[in-house]
Amino acid sequence: MTDNVHGHSMTIKRSVDEVYAIAERDGFALLDIAIDEERLKRTLDDDGCGAFACFEGRVRNHNNATSVERLTYYGYEDLAINQGRAIIDEAKQRFEITNAIAIHRIGALDIGDVAVWVGVVSAHRYPAFDACRWILDTIKADIPVWKQEYYEDDSSKWLSNNG
Amino acid sequence: MTDNVHGHSMTIKRSVDEVYAIAERDGFALLDIAIDEERLKRTLDDDGCGAFACFEGRVRNHNNATSVERLTYYGYEDLAINQGRAIIDEAKQRFEITNAIAIHRIGALDIGDVAVWVGVVSAHRYPAFDACRWILDTIKADIPVWKQEYYEDDSSKWLSNNG
Amino acid sequence: MSTLAVATPTEAVMNINVLYFASLADEANCQQETVSVPQSTSLTELYEQLSQKHRFSRPQAELRVAVNDYFANWTDQIHDGDSVVFITPVAGG
Amino acid sequence: MSTLAVATPTEAVMNINVLYFASLADEANCQQETVSVPQSTSLTELYEQLSQKHRFSRPQAELRVAVNDYFANWTDQIHDGDSVVFITPVAGG
């Protein structure tokens, strides 16, 4: 039952190349396979930038004291892309940065898999750090992605970032 | 003349494998070839960590309004390694992080080359960001590395981080 | 396609495509449905009606709403053919 | 190996290995030298003497000092065989 009613939010409609093209143009996209961090990083190469800050959110093997086996992320792709574009645009206005890119992965992830990647380049270091953190926080607050944790006894639950 | 009196500070005494072994054990080393970011990142893999923050300081093509052709970094290797160990130890006490590694490159670098790499893993995201920034700031303040910028007209000057 | 009880044949109606995600999809037991509602129906009224139908556990105050793939205000008007999604607290990252 | 003028033959002397980096290497026109100084010579006195010899442009107040590959205090004592480095403002990153 779960797979039926969530099938539309576990995979994306776009091709992988489309996803990276959207990420390069708009700064954000959803992807349903492993994130190619080197590809995103290369997209940000800029001779005028002395600073590159990046963050990877990975699936960890515990949540508080509970052991986690795997995690499934579900996303509302079209809203995520529209909202992601707005977040990256706002980051470029708030901080002295040259460029920023983020991708959130959806689907079934294993321990250690990268769920979200954020990279920022700027001339100087503090705006890169500040923008990277702000983009991550704003993605976690506003991008329509949900997650369900699965435990050793095969039970699961919906998680929430804000209570 | 310049090369004679600075020769000892443009290359390292240790082998590349020794450098990465020291970085893995103590958290900091100097290197005189391109930094292998993927190798450092793999060293930090930890299933208990949901957060990986990293920073790359790259040679940019300008400093204020002046066009920069290349940059040479000079380092005092043995002091750098001792001081780097102290910095990483202190970072682990100050912040809720699991591990941290940084490498500073010395020698002649081209535009776009990575001069310094800092990576931090932790269970949660804010300590990773905070520690990464603190380690970078402290490296810039305390690690005995100096740099000379070379300009289009072949002139050069010593730079200083603190005036 | 389901029709809500409040839409009577004599009124002008609009068809709204509602998508469900996360716990709302579990509770509605579907990914999407098209509902016919009177033309003046507000987003708040739409959620109230669907909430009764599917016995959603989240009150509207805990949700955001998106119209045609953009976040919207609960006071925004909707029109025939619009796509509406009620957004439970997100949990990315 | 150079010997500083202040070290007279009747005093006990210590040999200190001094390494130079960055602008101090330019001004000293060497990477390192071994100097013989009276046994009670302080780091401050050592810098003063070498500064006169090489006409260093940086006053001591702008420098840090390292002994045997660790940062030291200017008031730390040095001993025969020690390695000393005067550290101009660093510029890594």
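Residue numbers begin at 1 in each chain, while the letters A, B, ... track the order of the sequences. Computed from a predicted structure; not experimentally measured.
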The reported gap from CG in B/D142 to CZ in D/F71 (rounded to nearest 0.5 angstrom) is 6.0 Å
Minimum-distance pair of heavy atoms, taken over all atoms of B/A115 and D/G93: CB-O, 4.4 Å
In this structure, are over 12 heavy atoms from other groups packed under 6.0 Å from D/E45 atom CD? yes
Between B/V116 and chain D, which part of the residue has a heavy atom less than 4.5 Å away: side chain, backbone, both or neither? side chain
Side chains of B/L79 and D/V85, heavy atoms from C-beta outward: is any pair under 4.5 Å? no
Note: B/L159 and D/A91 closest approach over all heavy atoms is O-CB, 3.1 Å
Heavy-atom nearest pair, D/A66 first then B/Y76, reads CB-CE2, 4.2 Å
Which atoms form the tightest heavy-atom contact between B/K140 and D/V90, and what is the distance? O-CG2, 3.3 Å
Under a plain distance cut-off of 3.5 Å, with no hydrogens placed, do D/Y70 and B/D78 share a side-chain donor-acceptor pair? no
Are more than 12 heavy atoms from other residues, nucleotides or ligands located less than 6.0 Å from atom CD of D/E62? yes
The test is side chain to side chain contact (heavy atoms under 4.5 Å, CB included); show your working for B/W158 and D/T88 and say whether it passes. CA-CA 11 Å; B/W158 290 103; D/T88 57; over 6 Å; no
Could you tell me whether the side chain of B/W146 and the main chain of D/I87 form a donor-acceptor pair under 3.5 Å? no
Separation between CZ (D/F21) and NE2 (B/H6), nearest 0.5 Å, reads 10.5 Å
